[in-house]
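Here the structure is a predicted model, which is why all the values come from computation and not from measurement. Just the heavy atoms: all of them, side chains too, but no hydrogens, waters or symmetry mates, feed the values below.
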Amino acid sequence: MMTVAIVGAGIAGRLLAWRLAKLGYRVELFDKNKRDDECACSFAAAGILSPLAELEMAEPDIYQYGSRSMKLYQEWLPQLTQDVFFKVTGSLVTAHGSDKIELDHFYRQVQRKTRELKIVEAELKSETIEKVSVETIEPELAHLGQGLYIPSEGQIDPIELLKALAFEIDNSVNVNWHNQAEVSNVSAHKLKCGSESLTFDWVFDCRGLGAKGDLPLRAVRGELLWLESKDVNIKHLTRLIHPRYRIYVVPRPNDIYLVGATEIQSEDFSPVSVRSSLELLSAAYSVHRGFGEARIVKSVVNCRPALTDNLPLIDTTFGLTRVNGLYRHGILMSPAVIEKAIREFKHISNHDLEKVQHAN
Ligand SMILES: Cc1cc2nc3c(=O)[nH]c(=O)nc-3n(C[C@H](O)[C@H](O)[C@H](O)COP(=O)(O)OP(=O)(O)OC[C@H]3O[C@@H](n4cnc5c(N)ncnc54)[C@H](O)[C@@H]3O)c2cc1C
């Protein structure tokens, strides 16, 4: 049986460990933190799953990975023992009257990019953007007038997902989880953890920003507020388009709404700033006055791992696969990124095995 090491137990590392263990590989999973510390960037995410809306600002690759992941989530989540909050009830994109020109721009950009993508007819049918009167989707947001509705989009609870994956990993005879195991060096077949130099059939590097010494990564700070409100009844993931910033409101069970997220080019993990709080909260209040009496029950800060082109990296050479650069879309893209990483790993490792066998 092949033994692989995975360094990093964020969304990428956990999904990879789970899928490889299911395929029969022996997995050694290393993370510098304790399993339940919730320090990884993945724990901060809002869990927005909106490949089409992201097309406005993102590269087509993000859409491709995202839309494949939507299918994989539907296939993979039922295989988990624990339930994970996952909904595909559509997303709403809207703007205030004075910013409606921004909404038109958003619509045109996404339409143009979908045409360029040459999405096949069947796929395009399920990937529509409908021009709607906002009140038909969210009656309490009628004051926003016109909006866009994207039925194929949704959301997931990343914390529940990470915990459900940890449960599978803990209960798998194929995985060994090394807590508080900081890896100082990662290379093909090898890693260094503390004073030990370890050798494996394959190494996967999923350290996010922890791989900065080996990859040209930059940190993009994100701040997010969790609000609790009994005066608000919003059911769909709602984005507010604004000339200076984009905010979203993500409804969760038990009257919880996530409002986020800032995007600041900085590796700063300090608490949420006053400026960011003001921006996020005033935008939320402008979406629904009921947020005026909401309680701020949690504030979240973390830094996203981004590469220079803002695209995900899956880099496979013999003995080493690096998965990184998940930036703003790690939860959205991870299933498809992991699927591709495993495909490349199997291809290269089998190919090389064949070469060795021929040489013998
Ligand atoms: C506020 C905010 C909101 C977001 N919202 C969304 C969203 O709605 N949808 C979406 O798709 N994405 C979202 N994201 C982005 C998403 O969170 C990231 O893309 C994703 O978490 C990156 O996952 P990862 O596994 O690559 O890295 P991480 O989650 O950072 O995991 C890396 C792991 O490696 C470990 N590690 C690092 N160095 C070492 C070392 N030397 N030795 C051992 N272990 C090490 C770390 O402890 C960590 O556990 C959001 C991000 C932020 C900050």
L332 and I48 have their tightest heavy-atom pair at CB-O, 4.1 Å
Ignoring hydrogens and geometry, is there a side-chain-to-backbone donor-acceptor pair from D31 to A9 under 3.5 Å? yes
With a cut-off of 6.0 Å (strictly less than), are more than 12 heavy atoms of other residues, nucleotides or ligands near CD1 of I101? no
Walk me through whether T89 and H236 qualify under side chain to side chain donor-acceptor pair (under 3.5 Å). CA-CA 7 Å; T89 47; H236 298 84; 4.8 Å; no
Donor-acceptor contact present, side-chain D315 to main-chain R322, <3.5 Å: no
Is the distance between the ring centroids of Y25 and F345 under 6.0 Å? yes
Short side-chain to backbone donor-acceptor contact, T262 and S276, under 3.5 Å: no
So which atom in P305 and which in N324 form the shortest heavy-atom distance, rounded to 0.1 Å? CB-OD1, 3.6 Å
Under a 4.5 Å side-chain heavy-atom rule over Ile, Leu, Val, Met, Phe, Trp and Tyr, are L311 and L217 clustered together? no
Does T128 use its side chain to pair, donor to acceptor, with the backbone of E130 at less than 3.5 Å? no
Are F291 and I247 connected into the same hydrophobic cluster when the rule is that any two of I, L, V, M, F, W, Y join if their side-chain heavy atoms are below 4.5 Å apart? yes
Trace of the side-chain contact (heavy atoms from CB on, under 4.5 Å) decision for L49 with V88: CA-CA 8 Å; L49 304 175; V88 184; 6.0 Å; no
Same apolar cluster (I L V M F W Y, side chains within < 4.5 Å links), L209/I314: no
Run the salt-bridge test on E138 and K235 with the 4.0 Å N-O cut-off and return the result as yes or no. no
So if I apply the side chain to side chain contact (heavy atoms under 4.5 Å, CB included) rule between L144 and each of E135, H96, H288, which one comes out positive? H96
OH (Y327) and CD1 (I62) are apart, to the nearest 0.5 Å, by 9.5 Å
Applying side-chain hydrogen bond (donor to acceptor under 3.5 Å, both in side chains) to D214 and not counting sequence neighbours gives R207
Residues clustering with L191 (ILVMFWY side chains joined when closer than 4.5 Å, directly or via others): V7, F30, V183, V186, L198, F200, V203, L320
Heavy-atom count check: over 12 atoms from other residues, nucleotides or ligands less than 6.0 Å from E75 CD? yes
Using side-chain contact (heavy atoms from CB on, under 4.5 Å), reason through N176 and V27 one step at a time and then give a plain yes or no. CA-CA 6 Å; N176 190 14; V27 179; over 6 Å; no
May I ask you to check whether D268 and S270 show a side-chain donor-acceptor distance below 3.5 Å? yes
Is the closest side-chain donor-acceptor distance between S133 and T136 under 3.5 Å? no
Heavy-atom distance under 4.5 Å between the side chains of C41 and C303, does that happen here? no
NZ of K22 to OG of S172: how many Å apart, nearest 0.5 Å? 9.0 Å
For the residue pair R252 and W226, would you count it as a cation-pi contact if the rule is NZ or CZ under 6.0 angstrom from the ring centre and within 45 degrees of the ring axis? yes
Taking atom types as modelled, find out whether E168 and T81 have a side-chain donor-acceptor pair closer than 3.5 angstrom. yes
According to the salt bridge (Lys or Arg N to Asp or Glu O under 4.0 Å) rule, which pairs have a member within residues 50-64, sequence neighbours left out? E54-R239, E54-R328, E56-R246
The reported gap from OH in Y63 to CG in L52 (rounded to nearest 0.5 angstrom) is 6.0 Å
Checking L92 against V134 for the side-chain contact (heavy atoms from CB on, under 4.5 Å) test, could you report, in this order, the C-alpha distance in whole Å, the side-chain angles of both residues, the deciding distance, and whether it holds? CA-CA 8 Å; L92 185 66; V134 170; 3.9 Å; yes
If you take all heavy atoms of L240 and S286, which pair is closest and at what distance? CD2-OG, 3.9 Å
CG of D309: more than 12 outside heavy atoms within 6.0 angstrom? yes
Please give me the minimum heavy-atom distance between S229 and G290, naming the atom from each residue. OG-O, 3.6 Å
Listing, residues 253-261 side-chain donor-acceptor contacts under 3.5 Å, not counting sequence neighbours, or none:
unit_1 : atom_1 : unit_2 : atom_2 : d
D255   : OD2    : K230   : NZ     : 3.0
Y257   : OH     : V232   : O      : 2.8
Y257   : OH     : I234   : N      : 3.2

Applying salt bridge (Lys or Arg N to Asp or Glu O under 4.0 Å), which residue pairs with at least one partner in residues 270-288 are found, sequence neighbours left out? R244-E279
Results of side-chain hydrogen bond (donor to acceptor under 3.5 Å, both in side chains) for Q111 - residues two or more places apart only: Y107
Linked, directly or transitively: F167 and V175 (ILVMFWY side chains, under 4.5 Å): no
Evaluate the side chain to side chain donor-acceptor pair (under 3.5 Å) criterion for residues W202 and S349: first the C-alpha distance (whole Å), next the side-chain angles of each, then the deciding distance (0.1 Å), finally the verdict. CA-CA 9 Å; W202 207 273; S349 58; over 6 Å; no
How about E196: does its CD atom have over 12 heavy atoms from other parts shown lying under 6.0 Å from it? no
The single option from I159, V300, I11 that satisfies side chain to side chain contact (heavy atoms under 4.5 Å, CB included) with F43 is I159
Taking all heavy atoms of L29 and all of G13, pick out the closest pair and write down the distance. CD1-O, 4.3 Å
Using a 6.0 Å distance limit plus a 45 degree cone around the ring axis, check whether R289 lies over the aromatic ring of Y285. yes
After noting the C-alpha distance and the side-chain angles of I156 and I331, does the key distance pass the side-chain contact (heavy atoms from CB on, under 4.5 Å) rule? CA-CA 8 Å; I156 192 165; I331 306 297; 3.5 Å; yes
Looking only at atom types and distance, does a side-chain atom of K32 sit under 3.5 Å from a main-chain N or O of A181, one as donor and one as acceptor? no
Under 4.0 Å between a Lys/Arg side-chain N and an Asp/Glu carboxylate O for E263 and R221? no
Salt bridge check, K100 against E102: does any charged N sit closer than 4.0 Å to a carboxylate O? no
Decide whether L72 and W18 are clustered together by the hydrophobic rule: side chain heavy atoms of Ile, Leu, Val, Met, Phe, Trp, Tyr closer than 4.5 Å, transitively. yes
Taking every heavy atom of A40 against every heavy atom of N302, the minimum-distance pair comes out as O-ND2, 3.6 Å
Looking at R295 and E293, would you say the former's side chain and the latter's main chain have a donor-acceptor pair under 3.5 Å? yes
Any luck finding a side-chain donor-acceptor pair between R218 and N310 under 3.5 Å? yes
Using 0.5 Å steps for rounding, measure from the CZ atom of R14 to the NZ atom of K163. 9.5 Å
Derivation and outcome, salt bridge (charged side-chain N to carboxylate O under 4.0 Å, His left out), residues K346 and E344: CA-CA 6 Å; K346 281 168 77 177; E344 284 188 7; over 6 Å; no
